[in-house]
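Here's the structure we're looking at; comments come further down.
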Amino acid sequence: MNDTEPGLVQSVDRAAAILELLADGGTVGVSELSRALDVHRSTAFRLLATLEARHLVEQVEHRGAYRLGLGVLRLAGAVSTRIDLARDAQQACEAMARRLDETTNVAILDDVSAVNITQAMGTQMVAVTRQYVGQRTPLHATSTGKVLLAHAGDDLLQQVLAAGLEGYTDRTLTRPDDLVEELDRVRRRGWASADAEWEAGTCAVAVPVRGADGRVVAALSVTAPDFRMPASGFADLAAVLADGAEELGLRWGTVRPAHRPGAPVD
């Protein structure tokens, strides 16, 4: 086995290598493992004992060999759950794209950005150009970002304000007081909008998606050129998106919301 790369913890790297060897080979003995890792047999045994205590490996009776334990299934189940969430989000996007015939996205919070995890396109010949899966967008200048920031708590808001509010167009909210007021409005009316605030000529509306514990875990949005999405129609779009967000939330195990997005709040 090659030396551990700089910056890696050697024991953790070796433990991960054991799991990979077991995944590839099914069962591995202590002696075989010590040779593969280029470590003393006692070191290999201690690594296996640690993994066994966490139920990540288990000993095969009467053979002195080890195989992957049931604890791996629990970890794999967590990944499978994330895949299911993305699949459900994609279905929600596609349903909204068919209904609104515009680009739709589901975004989640990642550090100080909103990240699109799924997307669906409408059939319009003129569509938005800066939307894609994996895209990171600013919290203060996008509809999904505002929804996520409005429900994230004061610590994140202070972090965003301390970093400065970059202006992307002449409509971007760059004054802290204006953003704080906008986020309060988002919480009260149940939806957020971005009226050419991140990209000139492009508008978006987003609503929150709640998880199993009722907290906002994602935002469902629709984006279109401003000539097809005037501000006067934002509230109506939010009401349509709320249907998709509610259905997605129900798939994720949440309860039906006590209230739905209402009319704009001045």
Side-chain angles (χ1 to χ4, degrees), residues 85-86 88-110 113-122 128 131 133 135 137-153 156 173 179 181-198 202-224 226 228-266:
L85 294 180
D88 291 341
Q90 184 62 45
Q91 291 176 353
C93 281
E94 291 171 355
M96 285 294 100
R98 288 192 298 269
R99 187 167 173 181
L100 298 172
D101 202 20
E102 300 289 0
T103 300
T104 61
N105 288 278
V106 169
I108 61 173
L109 186 65
D110 183 26
S113 300
V115 178
N116 293 333
I117 62 171
T118 58
Q119 176 179 287
M121 305 290 289
V128 294
Q131 298 287 318
V133 174
Q135 181 183 38
T137 61
L139 296 178
H140 69 288
T142 60
S143 62
T144 53
K146 290 178 185 178
V147 165
L148 296 169
L149 183 58
H151 296 278
L156 180 59
L173 300 179
L179 179 60
E181 182 179 347
E182 173 74 356
L183 296 179
D184 180 63
R185 186 180 299 113
V186 169
R187 285 187 289 268
R188 285 186 286 127
R189 71 187 178 188
W191 55 272
S193 65
D195 191 355
E197 296 169 43
W198 184 47
T202 300
C203 296
V205 175
V207 299
V209 181
R210 298 182 183 275
D213 57 2
R215 291 185 299 177
V216 173
V217 296
L220 173 63
S221 70
V222 58
T223 307
D226 56 4
R228 285 203 308 267
M229 189 184 287
S232 59
F234 286 173
D236 291 338
L237 288 171
V240 175
L241 288 172
D243 290 338
E246 181 176 332
E247 181 178 348
L248 180 55
L250 290 172
R251 291 186 182 186
W252 288 354
T254 190
V255 296
R256 292 186 180 276
H259 65 279
R260 293 169 61 82
V265 176
D266 293 331

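The backbone N or O of Cys93 lies less than 3.5 Å from a partner atom in the side chain of Thr104, making a donor-acceptor pair. Using a distance-only test at 3.5 Å, with no hydrogens or angles considered, no donor-acceptor pair links the side chain of Asn105 to the main chain of Ala107.
Side-chain contact check for Arg185 versus Lys146: every heavy-atom pair is 4.5 Å or farther apart. At least one side-chain heavy atom of Leu241 sits under 4.5 Å from a side-chain heavy atom of Val205. Side-chain contact check for Leu149 versus Val186: every heavy-atom pair is 4.5 Å or farther apart. The closest side-chain heavy-atom distance from Thr223 to Glu102 is not below 4.5 Å.
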Exercise. Please lay out, stage by stage, how Glu197 and Thr142 fare under the test side chain to side chain contact (heavy atoms under 4.5 Å, CB included).
Key: CA-CA 7 Å; Glu197 296 169 43; Thr142 60; over 6 Å; no
Practice problem: Show your reasoning for whether side chain to side chain contact (heavy atoms under 4.5 Å, CB included) applies to Val222 and Val240. | Solution: CA-CA 10 Å; Val222 58; Val240 175; over 6 Å; no
Quiz item: Would Val216 and Leu109 count as a side chain to side chain contact (heavy atoms under 4.5 Å, CB included) if you check the C-alpha gap in whole Å, the side-chain angles of each, and the deciding distance to 0.1 Å?
Solution: CA-CA 10 Å; Val216 173; Leu109 186 65; over 6 Å; no
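Remark: Leu183 CG to Arg188 CZ distance equals 11.5 Å, nearest 0.5 Å. Asn116 contributes atom CG, which lies 6.0 Å from atom OG1 of Thr144 (distance to the nearest 0.5 angstrom). Taking CD of Gln135 as the start and CD of Gln119 as the end, the distance is 8.0 Å to the nearest 0.5 Å. Interatomic distance, Asp110 CG to Ile117 CD1, rounded to the nearest 0.5 Å: 11.0 Å. With values rounded to the nearest 0.5 angstrom, Asp184 atom CG is found 11.0 Å from Leu179 atom CG. In this structure, Ser221 OG and Met96 CE are separated by 12.0 Å, a value rounded to the nearest 0.5 Å.
Taking every heavy atom of both residues into account, Leu248 and Ala89 meet most closely at CD1-N, 3.8 Å. Across all non-hydrogen atoms, the minimal contact from Gln90 to Ala120 is NE2-CB, 4.3 Å. Contact between Leu148 and Ala114 at its shortest, heavy atoms only, is CD1-CB, 3.9 Å. The two residues Trp198 and Ala141 come nearest to each other via the heavy atoms CB-O, 3.4 Å. A pairwise comparison of heavy atoms in Asp195 and Cys203 identifies OD1-SG, 3.2 Å as the closest pair.
Taking the salt bridge (Lys or Arg N to Asp or Glu O under 4.0 Å) definition, one finds that Arg99 meets it with Asp243, sequence neighbours left out. Contacts of Ala218 classified as side-chain contact (heavy atoms from CB on, under 4.5 Å), with partners at least two apart in sequence or in another chain: Val106, Ile108, Val209, Trp252.
No option in Leu237, Val207, Leu220 other than Val207 meets the side chain to side chain contact (heavy atoms under 4.5 Å, CB included) test with Trp191.
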